[in-house]
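As the structure is a prediction and not an experimental result, all values here were calculated from the model. Here is how names work: the chains are called A, B, and so on, in the same order as the sequence lines, proteins then strands, and each is numbered from 1.
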Amino acid sequence: AQECQNLEVERQRRLERIKQKQSQLQELILQQIAFKNLVQRNRQTEQQANRPPPPNSIIHLPFIIVNTSKKTVIDCSISNDKFEYLFNFDSMFEIHDDIEVLKRMGMACGLEVGKCSPEDLKVARSLVPKALEPYVIGQCPGWDRFIWS
Amino acid sequence: RSRMLVSIGESFGLSNRFQKINQMVNSSERSFKRTLDLGSAPKPLKRL
Amino acid sequence: RHKELQREVCDLTEAEEQLDELISKCNLQLRLLTEEPQNKKLGYVRCQDLKKSFDSPDQLVMVIRAPPETQMQVSEPSKGYQVSLKSTRGPIDVFLCPED
């Protein structure tokens with residue numbers, strides 16, 4: 001009985017870890033899809049415009065975003081070599097990384113919220129290696145959830 | 001007072017790195033507002 | 001019950017190892033993808049993308065581009081919030097997204 005109990009604990013622990021690793025893998029797949037979509041979009045835009053966008057109108061990855069109300073007073077100190085910054089905000093703000101921006105731009109085909117049309121799903125599946133395809137399907141409710149066999 | 005450290009400057013990888021920071025700022029905003037209501041108005045900082 | 005649990009734990013061990021392998025493959029693919037020169041050149045967002053993503057008009061959007069391993073510390077002093085950035089591998093660039 002004691003051994004069964006230990007095995008039961010071990011089983012629960014492993015199930016927890018597998019669940020956490022599955023969501024980590026799905027996040028990595030989303031990031032791969034979002035980045036490939038972004039590169040494709042920019043390539044098409046530049047081909048249509050026949051020139052790259054003005055350098056001061058684009059932000060290359062990686063970056064992070066800090067957004068706050070326009071009413072917020074921000075006190076900013078910068079070292080001469082720009083290696084150190086100190087910001088004092090008098091009101092709340094939010095920090096997001098670049099992948100969050102790509103998701104909000106729709107570059108992850110809606111997979112991050114589990115809402116993607118069959119066309120989007122087709123695009124997403126075409127952007128990931130075959131071995132990872134089942135994880136893409138698994139993110140859209142209504143399709144067969146990817147049962148970890 | 002709480003403080004959080006995170007490494008930036010890398011490309012993708014971890015997700016929701018800033019979730020805890022945003023929660024900390026968000027939650028203490030409410031308590032900060034409460035103390036403001038009670039205490040004196042903070043000295044205005046230099047405008048950016 | 002014991003025999004059944006043993007077999008199940010064995011299956012889960014195998015499943016977890018498979019996941020570990022997929023995760024490390026995916027991390028490697030992502031790194032190669034983002035470091036490929038052509039992708040590096042095309043891996044950008046435009047100001048209007050940022051405006052659209054944080055669409056409320058009363059929002060100020062600050063963009064921070066920092067070298068790898070830059071440390072960001074957010075502390076909660078008695079009044080307001082302090083964000084400090086410390087880089088050891090190069091200058092940090094901070095932009096404010098223009099209004100228009």
Side-chain angles (χ1 to χ4, degrees), chain A residues 3-4 7-8 10-11 14-15 17-18 21-22 24-25 28-29 31-32 35-36 38-39 42-43 46 53 57-72 74 76 78 81-93 95 98 101-102 104-105 129 131-132 135 148-149, chain C residues 1-2 5-6 8-9 11-13 15-16 19-20 22-23 25-27 29-30 33-34 38-50 52-54 57-66 68 72 74 77 79-95 97:
Chain A
E3 276 193 25
C4 273
L7 280 170
E8 189 57 56
E10 175 64 12
R11 175 179 169 277
R14 287 208 179 263
L15 283 170
R17 280 212 303 263
I18 284 176
K21 287 179 178 177
Q22 276 188 326
Q24 185 187 352
L25 180 62
L28 287 171
I29 293 169
Q31 295 182 8
Q32 201 174 124
F35 184 74
K36 285 182 175 176
L38 177 75
V39 166
N42 291 341
R43 182 178 289 116
E46 290 192 12
S57 71
I58 58 176
I59 306 277
H60 272 95
L61 274 59
F63 61 82
I64 62 171
I65 292 282
V66 180
N67 66 294
T68 181
S69 155
K70 280 200 176 108
K71 298 189 195 77
T72 302
I74 307 171
C76 172
I78 311 173
D81 58 6
K82 288 178 49 176
F83 275 47
E84 293 194 32
Y85 282 69
L86 185 63
F87 297 99
N88 277 296
F89 291 78
D90 77 337
S91 176
M92 66 173 285
F93 56 85
I95 306 178
D98 38 24
V101 174
L102 297 195
R104 291 191 188 200
M105 288 165 61
L132 299 174
Y135 281 87
W148 183 257
S149 59
Chain C
R1 176 82 186 124
H2 185 273
L5 278 170
Q6 252 178 344
E8 201 168 341
V9 166
D11 288 351
L12 290 174
T13 307
E16 189 174 2
L19 268 174
D20 289 337
L22 280 172
I23 285 171
K25 262 189 200 151
C26 232
N27 270 314
Q29 280 168 3
L30 207 46
L33 192 67
T34 50
Q38 190 59 8
N39 287 345
K40 225 179 172 75
K41 182 171 152 291
L42 288 165
Y44 59 77
V45 297
R46 300 166 308 195
C47 286
Q48 57 263 45
D49 294 325
L50 296 179
K52 255 187 259 169
S53 308
F54 296 88
D58 81 323
Q59 284 293 297
L60 175 88
V61 177
M62 185 195 288
V63 185
I64 299 175
R65 291 202 75 243
M72 168 188 261
V74 180
K79 292 224 181 320
Y81 309 95
Q82 202 163 69
V83 177
S84 72
L85 301 173
K86 275 197 178 55
S87 157
T88 53
R89 295 171 56 175
I92 301 167
D93 288 318
V94 176
F95 314 92
C97 223

Check this for me, if you would: do Arg1(C) and Glu3(A) make a salt bridge, where the nitrogen-to-carboxylate-oxygen distance has to be below 4.0 angstrom?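 Salt bridge between Arg1(C) and Glu3(A), a charged N being under 4.0 Å from a carboxylate O: no.
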To the nearest 0.5 Å, what is the distance between CZ on Arg14(A) and CG on Asp11(C)?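 Arg14(A) CZ to Asp11(C) CG: 11.5 Å, rounded to 0.5 Å.
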Look up atom CE in Met62(C) and atom OG1 in Thr72(A), then write down how far apart they are to the nearest 0.5 Å.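 Met62(C) atom CE to Thr72(A) atom OG1 measures 9.5 Å (nearest 0.5 Å).
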Under 4.5 Å from any heavy atom of chain C, what part of Ser57(A) do you find: side chain, backbone, both or neither?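 Only the backbone of Ser57(A) comes within 4.5 Å of chain C.
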Taking side chain as C-beta onward, heavy atoms only, is [X] less than 4.5 Å from [Y]?
| X | Y | result |
| --- | --- | --- |
| Ile74(A) | Leu60(C) | yes |
| Met105(A) | Lys52(C) | no |
| Arg11(A) | Leu12(C) | yes |
| Glu46(A) | Leu42(C) | yes |
| Val45(C) | Phe63(A) | yes |
| Val94(C) | Tyr85(A) | yes |
| Tyr44(C) | Ile59(A) | no |
| Leu30(C) | Leu28(A) | yes |

For chain A, which of [options] has the most heavy-atom pairs under 4.5 Å?
| options | answer |
| --- | --- |
| Asp93(C), Asn39(C), Val61(C), Thr88(C) | Asn39(C) |
| Arg89(C), Arg46(C), Gln48(C) | Arg46(C) |
| Ala66(C), Cys26(C), Gly43(C), Ser84(C) | Gly43(C) |
| Val74(C), Thr34(C), Ile92(C) | Ile92(C) |

Gln6(C) portion near chain A, given a 4.5 angstrom heavy-atom threshold: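 Contact with chain A: backbone and side chain both.
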Counting only non-hydrogen atoms closer than 4.5 Å, does Lys41(C) touch chain A with its backbone (N, CA, C, O), its side chain (CB onward), both, or neither?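 Both backbone and side chain of Lys41(C) come within 4.5 Å of chain A.
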Report the option among [options] that has the most heavy-atom pairs separated by less than 4.5 Å from atoms of chain C.
| options | answer |
| --- | --- |
| Ile58(A), Ile95(A), Val101(A) | Ile58(A) |
| Gln32(A), Glu10(A), Lys36(A) | Gln32(A) |
| Thr68(A), Leu102(A), Leu61(A) | Thr68(A) |
| Ile65(A), Leu38(A), Leu15(A), Asp98(A) | Ile65(A) |

Option among Asp20(C), Leu19(C), Asn27(C) that satisfies the side chain to side chain contact (heavy atoms under 4.5 Å, CB included) test with Leu25(A):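 Among the candidates, only Leu19(C) passes.
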Leu85(C) and Phe87(A): side chain to side chain contact (heavy atoms under 4.5 Å, CB included), yes or no, with the steps? CA-CA 9 Å; Leu85(C) 301 173; Phe87(A) 297 99; 3.8 Å; yes
For a side chain to side chain contact (heavy atoms under 4.5 Å, CB included) check, start with the C-alpha distance between Phe35(A) and Leu33(C), then their side-chain angles and the critical distance, and finish with the verdict. CA-CA 8 Å; Phe35(A) 184 74; Leu33(C) 192 67; 3.7 Å; yes
Please test Val66(A) against Val83(C) for side chain to side chain contact (heavy atoms under 4.5 Å, CB included), starting from the C-alpha separation and ending with a verdict. CA-CA 10 Å; Val66(A) 180; Val83(C) 177; over 6 Å; no
Asp58(C) side chain to Lys70(A) main-chain N or O, any donor-acceptor pair under 3.5 Å?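 No, the answer is negative, given that no donor and acceptor are paired below the 3.5 Å cut-off.
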Counting only N and O atoms by type, is there a donor-acceptor contact under 3.5 Å from the side chain of Arg65(C) to the main-chain atoms of His60(A)?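 Here the side-chain-to-backbone pair exists.
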